[in-house]
J.: 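Below: one structure in structure tokens.
The figures here come from the full heavy-atom set of this structure, side chains too, leaving out hydrogens, waters and symmetry mates. Counting convention: from 1, in listed order, for ligands and their atoms alike. Numbers for residues simply follow the sequence, beginning at 1.
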Amino acid sequence: IVRPFNEIPGLWKNGLANLYNFWKLDGFRNLHRIMLQNFNTFGPIYREKIGYYESVNIINPEDAAILFKAEGHYPKRLKVEAWTSYRDYRNRKYGVLLKNGEDWRSNRVILNKEVISLKMLENFVPLLDDVGQDFVARVHKKIQRSGQNKWTTDLSQELFKYALESVSSVLYGERLGLMLDYIDPEAQHFIDCITLMFKTTSPMLYIPPSLLRQVGAKVWRDHVEAWDGIFNQADRCIQNIYRQLRQETGSPKRYPGILASLLMLDKLSIEDIKASVTELMAGGVDTTSITLLWTLYELARHPALQEELRAEVAAARAESQGDMQEMLKRIPLVKGALKETLRLHPVAVSLQRYIAEDIIIQNYHIPAGTLVQLGLHAMGRDPKVFFRPEQYQPSRWLRTETHYFRSLGFGFGPRQCLGRRIAEAEMQIFLIHMLENFRVEKQRHVEVQSTFELILLPDKPILLTLKPL
Ligand code: HEM
Ligand code: 2DC
């Protein structure tokens, strides 16, 4: 017999009291740990209300399958009101990230062809390979300058620049020059704005931005300032390409980048293109860079594994005579390492959908329209889902264990990450070049954990030492 919605365990009766407790636990930064704890207390399904944020939470891959089968024709994630409020406030259009319904679908279908199709990957790879090579050259230079034949540093700022340079090169078909010694201060400002934008979003998941705006709260003001910085910089890049395109005659000889392709295609309005390209540019910085930082950290902690990956890359290089596109087909363990990083250190603490139809999960009835969250971070660490979950083991993705609804770092289905192909290629190419050039080591015994700033980030600087091979 199916049990009713109201019998799902959890704390969902008093949103304000729960918000107060959440705040006392520093929940704004500990969301992932609180979710783990809730699954321990309540079991594989619990209902929750914090402030005005209400959801049902699940953890099992089999339940995730049920959730995604009920996502409907127009899958809808949690509405991040801070982001929509900013757009409304400044009168800017929603891009594919924030649109819903038919408007989302028609934009997404066109963007899919230019951004996430395998055909386009061919165009992206040479651009991303150039950035990877420049990154390595930059590190060699830093090592030389140190005079110690090694370089010990917190790589996060370097990785932000690598990620922004990479995503910009595929969006605009042009380099920003962030691998040079003196970089455009505007680009640095853009990077800082993205970090601030994420950080100021998390409190506004639970307290309505409209309220914070009315009382003139600092988080809201900082949030607006951050998005303003993001949009100003993106507008400059977009204007620049738009102008060039109008001056050019005839069709371009080489691949002109995603933005120019979309403009020439002429299927989306300029305002729609601008909105989605800005989202792609902003979405392409902290996500891949943090994932790469965690991967280097894990490789530094597992030297034998690092050598195994290096051997795989060397063999792939030899077999494909340096053709990067071919190489990417011959590095299953490197790909496994990235999956393993996203299992233990996912960018997104959860995946969510407002379900389009009634479903039954763990024998509870859940009505259509409910926000259901899959605890991605919790699932990745659950011993019932992954054998010895605490171990970083890229080879688990090659064989033996089942992968059914277990590799969800980029989300699922038609609403999954639009930047997925770019992110994957960018990260694989980065690791190839790094493994071919440097040994990565870390300081003794510093346990790094995650902190929640809308995305999950390392809670302290990760110091790594790079030594030339
Ligand atoms: C959406 C993860 C990199 C742009 C998402 C979602 C996740 C995610 C979990 C939500 C998917 C869902 O609801 O099913 C990641 C991870 C990344 C990454 C783990 C890197 C390691 C990127 C990059 C870009 C990007 C590089 C841009 C080039 C987007 C956009 C959406 C999105 C635009 C919204 C798509 C839509 O609503 O239709 N990402 N992402 N992401 N991501 Fe990423
Ligand atoms: C944060 O409880 C925790 O990819 C919330 O590139 C639920 C939630 C909703 C939407 C998620 C968000 C979480 C984490 C960051 C995500 C976002 C959707 C897209 C975004 C996963 C899990 C991200 C980082 C995009 C951001 C692009 C943007 C800033 C232009």
J.: Report, in ascending order of atom number, the atoms of ligand 1 lying under 4.0 Å from any heavy atom of Val167.
T.: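 Once the distances to Val167 are compared, the set is 28 (C).
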J.: Taking the inter-plane angle between the rings of His403 and Trp397 on a 0 to 90° scale, is it parallel (under 30°), tilted (30 to 60°) or perpendicular (over 60°)?
T.: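 Rings of His403 and Trp397: tilted, 30 to 60°.
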J.: Pick one of side chain, backbone, both or neither for how Thr291 approaches ligand 1, counting any non-hydrogen atom pair under 4.0 Å.
T.: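 Looking at Thr291 and ligand 1, just side chain atoms fall under 4.0 Å.
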J.: From atom 17 (C) of ligand 1, work out which of Phe410, Phe68, Trp104 has a heavy atom at the shortest distance.
T.: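 When every heavy atom of Phe410, Phe68, Trp104 is considered, Phe410 comes closest to atom 17 (C) of ligand 1.
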J.: Taking only heavy atoms of Ala282 into account, list the atoms of ligand 2 that are under 4.0 Å away from them.
T.: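 Those atoms are 30 (C).
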J.: Taking the six-membered ring of Phe386 as reference, does the cationic atom of Arg343 (NZ for Lys, CZ for Arg) lie under 6.0 Å from its centre and within 45° of its axis?
T.: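 Yes, cation above the ring, under 6.0 Å and within 45°.
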J.: Name the closest protein heavy atom to atom 9 (C) of ligand 1, giving the residue it belongs to and the distance to 0.1 Å.
T.: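 That would be Gly409 O, 3.5 Å.
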J.: Which is it for Leu97 and ligand 2 at heavy atoms under 4.0 Å: side chain, backbone, both or neither?
T.: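 Just the side chain.
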J.: I'd like to know whether Tyr86 forms a ring pair (Phe, Tyr, Trp, His ring centres under 6.0 Å) with Trp83, so could you lay out the CA-CA distance, the side-chain angles of the two residues, the decisive distance to 0.1 Å, and finally the verdict.
T.: CA-CA 5 Å; Tyr86 171 82; Trp83 297 351; over 10 Å; no
J.: May I ask you to identify the nearest protein heavy atom to atom 23 (C) of ligand 1, giving residue, atom name and distance to one decimal place in Å?
T.: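 Ranked first by proximity to atom 23 (C) of ligand 1 is Gly283 O, 3.4 Å.
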J.: Closer than 4.0 angstrom: is that true for some heavy atom of Arg415 and an atom of ligand 1?
T.: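 Judged by the 4.0 Å heavy-atom criterion, Arg415 does count as contacting ligand 1.
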J.: Under 3.5 Å, is there a donor-acceptor pair between the Arg236 and Asn232 side chains?
T.: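 No, because no side-chain N or O of Arg236 sits under 3.5 Å from a partner of the opposite role on Asn232.
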J.: Quick one: look up the protein heavy atom nearest atom 38 (O) of ligand 1 and list residue, atom name and how far away it is.
T.: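 The closest heavy atom on the protein side is Arg108 NH1, 2.7 Å.
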J.: So which bit of Met281 gets within less than 4.0 Å of ligand 1, heavy atoms only: side chain, backbone, both or neither?
T.: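 Under 4.0 Å from ligand 1, Met281 contributes no heavy atoms.
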J.: Could you tell me the residue and atom name of the protein heavy atom closest to atom 27 (C) of ligand 1, and the distance to it rounded to 0.1 Å?
T.: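 Protein heavy atom with the smallest distance to atom 27 (C) of ligand 1: Leu280 O, 3.3 Å.
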J.: Under 4.0 Å from a heavy atom of Gly411: give me the atoms of ligand 1 that qualify, with their elements.
T.: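 Those atoms are 9 (C), 11 (C), 12 (C), 14 (O).
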J.: Looking at atom 29 (C) of ligand 1, what's its closest protein heavy atom, distance included?
T.: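 Going by distance alone, atom 29 (C) of ligand 1 is nearest to Cys417 SG, 3.9 Å.
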J.: When the ring planes of Phe412 and Phe68 are compared, do they come out parallel, tilted or perpendicular, using 30° and 60° as the limits?
T.: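 Tilted: the ring planes of Phe412 and Phe68 meet at 30° to 60°.
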J.: Test side chain to side chain donor-acceptor pair (under 3.5 Å) on Asp192 and Gln188 and set out the steps.
T.: CA-CA 6 Å; Asp192 299 337; Gln188 184 59 54; 3.2 Å; yes
J.: Which value, rounded to the nearest 0.5 Å, describes the distance between Phe430 atom CZ and Ser289 atom OG?
T.: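 One finds 10.0 Å between CZ of Phe430 and OG of Ser289.
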J.: Would you please determine whether Arg420 falls within less than 4.0 Å of ligand 1 on a heavy-atom basis?
T.: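 Under 4.0 Å: no for Arg420.
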J.: Taking it one step at a time, do Ile290 and Leu159 satisfy side-chain contact (heavy atoms from CB on, under 4.5 Å)?
T.: CA-CA 8 Å; Ile290 294 301; Leu159 290 170; over 6 Å; no
J.: Which atoms of ligand 1 are found less than 4.0 Å from any heavy atom of Phe412?
T.: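 Checking each atom against Phe412, I get 14 (O).
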J.: Measure the distances from the heavy atoms of Cys417 to every atom of ligand 2 and state whether one is below 4.0 angstrom.
T.: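 Contact absent.
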J.: With a heavy-atom distance limit of 4.0 Å, tell me whether Thr287 approaches ligand 2 through its side chain, its backbone, both, or neither.
T.: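 Contact part for Thr287 vs ligand 2: side chain (C-beta onward).
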J.: Of the side chain and backbone of Arg77, name the one, both, or neither that has a heavy atom under 4.0 Å from an atom of ligand 1.
T.: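 Only the side chain of Arg77 comes within reach of ligand 1.
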J.: Please tell me if the side chains of Glu71 and Leu67 come closer than 4.5 Å, counting only heavy atoms from C-beta onward.
T.: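 Not touching, per the 4.5 Å side-chain cut-off.
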J.: Quick one: nearest non-hydrogen protein atom to atom 4 (C) of ligand 1, plus distance?
T.: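 Result for atom 4 (C) of ligand 1: Gly419 N, 3.8 Å.
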J.: If you measure from atom 33 (C) of ligand 1 to every heavy atom of Leu376, Thr295, Leu418, Leu338, which option wins on shortest distance?
T.: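 The residue whose heavy atom sits nearest atom 33 (C) of ligand 1 is Leu418.
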J.: What are the atoms of ligand 2, with element, lying closer than 4.0 Å to any heavy atom of Phe452?
T.: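 The atoms of ligand 2 under 4.0 Å from a heavy atom of Phe452 are 3 (C).
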J.: I would like to know whether Tyr392 and His302 meet ring pair (Phe, Tyr, Trp, His ring centres under 6.0 Å); could you show each step before the answer?
T.: CA-CA 8 Å; Tyr392 187 83; His302 302 91; 5.8 Å; yes
J.: Looking only at side-chain N and O atoms, does Gln306 offer a donor or acceptor that is under 3.5 Å from a partner on Arg310?
T.: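 Side-chain D/A pair, Arg310 to Gln306: present.
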J.: Using heavy-atom distances, let me know which of Ile116, Leu456, Thr287 sits nearest atom 3 (C) of ligand 1.
T.: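 The option holding the nearest heavy atom is Thr287.
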J.: Output the list of atoms in ligand 2 that are nearer than 4.0 Å to some heavy atom of Leu454, sorted by atom number.
T.: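 By the 4.0 Å cutoff, the relevant atoms are 1 (C), 14 (C).
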J.: Applying a 4.0 Å heavy-atom criterion (strictly less than), which segment of Leu351 is in contact with ligand 1: side chain, backbone, both, or neither?
T.: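 Within the 4.0 Å criterion, Leu351 contacts ligand 1 through side-chain atoms alone.
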J.: Taking heavy atoms and a distance under 4.0 Å, where does Met427 meet ligand 1: side chain, backbone, both or neither?
T.: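 Looking at Met427 and ligand 1, just side chain atoms fall under 4.0 Å.
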J.: Heavy-atom contact under 4.0 Å between Arg353 and ligand 1?
T.: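 Yes; Arg353 lies near enough to ligand 1 that a heavy-atom distance drops under 4.0 Å.
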J.: With a 3.5 Å cut-off and no angle check, do the side chains of Asp63 and Gln362 form a donor-acceptor pair?
T.: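 The answer is yes; a qualifying pair exists.
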J.: Pick one: which of Lys99, Arg415, Glu102, Arg105 meets side chain to side chain donor-acceptor pair (under 3.5 Å) with Tyr74?
T.: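 One option only clears the test, and that one is Glu102.
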J.: For Tyr53, counting its heavy atoms only, list the atoms of ligand 2 lying under 4.0 Å from any of them.
T.: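 With Tyr53 as reference, the close atoms of ligand 2 come out as 2 (O), 5 (C), 7 (C).
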J.: Determine, considering heavy atoms only, which of Pro346, Gly284, Ser350 sits nearest to atom 26 (C) of ligand 1.
T.: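 Result: the heavy atom closest to atom 26 (C) of ligand 1 is in Gly284.
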J.: Please determine if Arg87 forms a cation-pi arrangement with Trp227, meaning its NZ or CZ atom is less than 6.0 Å from the six-membered ring centre and no more than 45° off the ring axis.
T.: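 Yes - Arg87 lies over the ring of Trp227, closer than 6.0 Å to its centre and within 45° of its axis.
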J.: Using distance alone, decide if ligand 2 has a nitrogen or oxygen within less than 3.5 Å of any nitrogen or oxygen in Trp83.
T.: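 No; the residue has no nitrogen or oxygen that sits under 3.5 Å from a nitrogen or oxygen of the ligand.
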J.: Heavy atoms of the protein only: does one fall short of 4.0 Å from atom 8 (C) of ligand 2?
T.: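 Protein heavy atoms within 4.0 Å of atom 8 (C) of ligand 2 - there is at least one.
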J.: Just jot down the ligand 1 atoms closer than 4.0 angstrom to any heavy atom of Val96, in number order.
T.: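 Near Val96, meaning under 4.0 Å from one of its heavy atoms, ligand 1 has 36 (C), 37 (O), 38 (O).
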J.: Pick one of side chain, backbone, both or neither for how Val347 approaches ligand 1, counting any non-hydrogen atom pair under 4.0 Å.
T.: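 Just the side chain.
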J.: State whether Lys93 and Glu271 are salt-bridged, where the test is any N-O pair (Lys NZ or Arg NE/NH1/NH2 against Asp/Glu carboxylate O) under 4.0 Å.
T.: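 No salt bridge links Lys93 with Glu271.
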J.: Between CG of Leu292 and CG of Leu299, what distance do you get to the nearest 0.5 Å?
T.: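 Leu292 atom CG to Leu299 atom CG measures 10.0 Å (nearest 0.5 Å).
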J.: Counting only heavy atoms on the protein side, is anything nearer than 4.0 Å to atom 29 (C) of ligand 2?
T.: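 It does: a protein heavy atom is found less than 4.0 Å away from atom 29 (C) of ligand 2.
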J.: Testing the basics here: between Gly375 and Phe39, what is the closest heavy-atom pair and its distance to 0.1 Å?
T.: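 Looking at all heavy atoms of both residues, the shortest contact is CA-CE1, 4.3 Å.
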J.: If every non-hydrogen atom of Leu376 is compared with every non-hydrogen atom of Pro346, which pair is closest and at what distance?
T.: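 Heavy atoms only, the tightest pair is CD2-CB, 4.2 Å.
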J.: Closer than 4.0 Å to some heavy atom of Met197 - which atoms of ligand 2 meet that?
T.: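 Taking each heavy atom of Met197 in turn, ligand 2 has 29 (C) under 4.0 Å.
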J.: Can you spot which of Leu155, Thr341, Thr291 makes a side chain to side chain contact (heavy atoms under 4.5 Å, CB included) with Leu296?
T.: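 Per the side chain to side chain contact (heavy atoms under 4.5 Å, CB included) rule, the option paired with Leu296 is Leu155, out of Leu155, Thr341, Thr291.
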J.: Would you say Ala348 and ligand 1 have an N/O pair spaced under 3.5 Å apart?
T.: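 Ala348 vs ligand 1: no N/O contact under 3.5 Å.
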J.: For Glu225, look at atom CD and say whether over 12 heavy atoms of other residues, nucleotides or ligands are found less than 6.0 Å away.
T.: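 Atom CD in Glu225 is not crowded, with 12 or fewer foreign heavy atoms closer than 6.0 Å.
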